[in-house]
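Take a look at the structure below.
Heavy-atom basis, side chains included; hydrogens, waters and symmetry copies ignored. In this chain, residues are counted from 1 in sequence order. Keep in mind that this is a model prediction, so the values were computed, not measured.
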Amino acid sequence: MAPRSRQRRHKKPPSSVTPMVVTPPTVVTSVPLTLSKPDPSIDALGFFSLENNVPGLSQLILQKLNMKSYEEYKLVLDGGASVSGFGFRCLREMFQKMEDTFQFCAHCRALPSGLSDSKVLRQCKRCRNVYYCGPECQKSDWPEHRKVCQELRLVAVDRLMEWLLVTGAFVLPSGPWPCLAEVVQGWDTWFSMRHLQLEAALDAVLGSHAMNTLWANVGRPRPDPDVLQGSLKRLLTDALSRPLTLGLGLRALGIDIGKTGGSTVHVVGASHVETFLTRPGDYDELGYMFPGHLGLRVIMVGIDVSANFTQSTSTSPLEPGTVQLSGHRGLYHDFWEEQVETGQIAHPDLVVAFHPGFHASPDLMEAWLPTLLLLRDYEIPTLITVYSHQELAASLQILVDLDTHITAYGANPFASLKPEQVYSNPNKQPVYCSAYYIMFLGSSCQLDRTQLEEKVDGGV
């Protein structure tokens with residue numbers, strides 16, 4: 001158990017077409033929200049917070065996905081229902097309905113159903129991303145929209161090109177690194193290292209049947225090859241950001257990856273983002289970052305882990321050089337008591353939380369508090385990531401208030417380079433996944449063992 005002098009317990013908070021699931025990014029605003037499920041979920045919070053900016057948008061999304069409720073939508077993300085259940089008859093219909101979910105006036109927030117017969121939503125011709133119900137709204141909105149128009153143009157291309165990753169048509173470069181791992185300190189050196197292999201992969205995708213099929217069905221002109229290549233590179237960084245950020249944590253926190261039996265990383269607060277459609281080889285790049293490692297076990301833990309990703313976890317030694325992915329559905333402090341303390345699951349060498357969002361809502365903070373205290377009291381090396389400098393500042397303040405010993409924080413050299421549009425507030429500055437990191441280890445005011453024994457013996 002955790003050291004008794006600091007241990008604190010808290011009550012648990014009450015078809016033939018390969019579809020793309022429209023998933024609002026989990027960038028949420030700091031507002032109180034009552035969720036309709038017993039455990040606060042950042043997935044649910046992100047979905048329902050759409051209503052704060054665009055009333056009716058969540059229902060529009062469900063309608064376009066041929067669903068009746070959020071529970072049905074969540075069932076697909078959880079892996080409990082087939083994505084073929086969306087009922088799209090062809091690719092063209094799928095892409096059109098996906099685009100329909102972005103159709104509301106960026107200035108007055110009007111949905112298509114709220115327009116008079118004489119009005120129709122039209123795209124900004126520059127970014128092909130945001131919509132306006134008329135020239136008056138577009139003109140009034142331009143002072144704000146001009147700040148993000150260029151970035152939103154990239155977003156509009158990326159969300160279509162992502163279909164190539166979902167279908168497996170775009171295969172990420174893989175294989176042992178041809179240089180010393182210490183040389184690769186960020187994306188510039190990673191791209192330089194993978195240059196020849198990457199160029200061949202990009203050329204193959206650009207000329208593929210899948211690429212031609214994509215642009216024949218999206219209802220807009222095909223961009224120039226350099227635009228498409230830039231999009232593929234951004235998508236690649238988005239897919240590899242998580243495994244390489246795990247590697248950053250292992251490296252920066254001095255974790256011994258040469259431990260007999262392998263090393264273990266727990267990804268806490270994992271959701272559909274980390275587990276839905278994740279393939280066994282998606283974290284191979286983490287293994288190549290540490291040549292000669294004796295096995296890396298990555299266990300995703302969270303209440304929103306997809307059901308089809310929840311696999312049995314084994315404590316048996318790993319084969320040297322292998323990366324094993326598995327998942328567990330539930331709250332981390334429960335997982336710790338039921339699986340880790342009983343010896344069924346390996347004690348973590350590192351814990352990572354991607355965008356925990358505990359700064360955003362009292363419900364989420366209450367759900368995260370037992371886990372944060374556990375990580376602090378057990379002195380487990382921990383890394384968390386956030387989307388923006390604002391989130392970084394808010395999260396740091398919370399961790400300082402909890403007396404955690406923050407060892408490092410800053411810009412993540414392996415942040416995703418793919419801009420993420422704030423779904424219901426398109427003129428808000430786009431954010432980037434895992435843009436910043438925070439590392440902490442134990443408590444900032446923790447007593448050493450001798451001092452603790454003296455206080456206990458003295459009856460303090």
Would a 4.5 Å heavy-atom cut-off, applied to side chains only, mark [X] and [Y] as touching?
| X | Y | answer |
| --- | --- | --- |
| F354 | I384 | no |
| I406 | Y409 | yes |
| V130 | C127 | yes |
| Y432 | D238 | no |
| I299 | V265 | no |
| E420 | K418 | yes |
| Y387 | C433 | yes |
| T382 | L441 | no |

Donor-acceptor pair between N129 and Q421 side chains, under 3.5 angstrom: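 Their side chains do contain a donor-acceptor pair, which is all the 3.5 Å distance test asks for.
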
S271 and D304 side chains, donor-acceptor separation under 3.5 Å: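 Judged by distance alone, the side chains do not pair up.
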
Derivation of the side chain to side chain contact (heavy atoms under 4.5 Å, CB included) call for L111 and Q103: CA-CA 7 Å; L111 293 169; Q103 290 192 13; over 6 Å; no

Among all residues two or more places apart in sequence or in another chain, which pass the salt bridge (charged side-chain N to carboxylate O under 4.0 Å, His left out) test with [X]?
| X | value |
| --- | --- |
| E151 | none |
| D141 | none |
| K233 | none |
| D203 | none |

Residues that H195 engages under ring-ring contact (aromatic ring centres under 6.0 Å, His included), provided they are two or more places apart: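 If we apply the ring-ring contact (aromatic ring centres under 6.0 Å, His included) test to H195, skipping adjacent residues, there are no hits.
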
For Y436, ring-ring contact (aromatic ring centres under 6.0 Å, His included) partners two or more places apart: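 Scan of Y436 (ring-ring contact (aromatic ring centres under 6.0 Å, His included), adjacent residues dropped) gives H389.
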
Sequence neighbours excluded, which residues qualify as side chain to side chain donor-acceptor pair (under 3.5 Å) partners of [X]?
| X | value |
| --- | --- |
| S241 | none |
| H145 | N427 |
| T404 | none |
| S434 | T385 |

Between [X] (side chain) and [Y] (backbone), is there a donor-acceptor pair under 3.5 Å?
| X | Y | answer |
| --- | --- | --- |
| T101 | M98 | yes |
| R297 | S263 | no |
| H266 | V268 | no |
| N217 | T213 | yes |
| S208 | V205 | yes |
| T237 | L417 | yes |

Mutual orientation of the aromatic rings belonging to Y423 and F102 [parallel < 30°, tilted 30-60°, perpendicular > 60°]: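 Aromatic pair Y423/F102 classed parallel.
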
[X] side, atom [atom1]; [Y] side, atom [atom2] - distance, nearest 0.5 Å:
| X | Y | atom1 | atom2 | value |
| --- | --- | --- | --- | --- |
| L154 | C149 | CG | SG | 10.5 Å |
| L62 | L57 | CG | CG | 9.5 Å |
| W368 | L402 | CH2 | CG | 12.5 Å |

Quick check: are there more than 12 heavy atoms from other residues, nucleotides or ligands sitting under 6.0 Å from [atom1] of [X]?
| X | atom1 | result |
| --- | --- | --- |
| Y131 | OH | yes |
| Q390 | CD | no |
| R109 | CZ | yes |

Distance flag, aromatic centroids of H107 and Y132, threshold under 6.0 Å: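 So the answer is no for these two rings.
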
R376 to F440 six-membered ring, cation-pi geometry met (6.0 Å, 45°):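 Geometry flag: not set, cation outside 6.0 Å or 45°.
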
Shortest non-hydrogen contact from [X] toward [Y]:
| X | Y | value |
| --- | --- | --- |
| H333 | A367 | CE1-O, 4.1 Å |
| V157 | P223 | CG2-CG, 4.5 Å |
| S395 | V386 | OG-CG1, 3.8 Å |

Salt bridge (Lys or Arg N to Asp or Glu O under 4.0 Å) evaluation trace for E136 with K139: CA-CA 5 Å; E136 297 83 5; K139 184 177 179 180; over 6 Å; no

L331 vs I303, side chain to side chain contact (heavy atoms under 4.5 Å, CB included): CA-CA, chis, key distance, verdict: CA-CA 6 Å; L331 294 168; I303 60 174; 3.7 Å; yes

Residue pairs involving residues 214-232 (criterion salt bridge (charged side-chain N to carboxylate O under 4.0 Å, His left out); sequence neighbours excluded):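 As it turns out, there is no salt bridge (charged side-chain N to carboxylate O under 4.0 Å, His left out) pair with a partner in residues 214-232 once direct neighbours are skipped.
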
Trace of the side chain to side chain contact (heavy atoms under 4.5 Å, CB included) decision for V155 with R234: CA-CA 10 Å; V155 173; R234 291 191 297 275; over 6 Å; no

Listed pairs under 3.5 Å, donor-acceptor, residues 173-188 side chains, sequence neighbours left out:
from, atom 1, to, atom 2, distance (Å)
W177, NE1, E285, OE2, 2.7
Q185, NE2, E182, O, 2.4
W187, NE1, A415, O, 2.6

Stepwise side chain to side chain contact (heavy atoms under 4.5 Å, CB included) check, H359 with Q397: CA-CA 9 Å; H359 69 286; Q397 185 59 60; over 6 Å; no

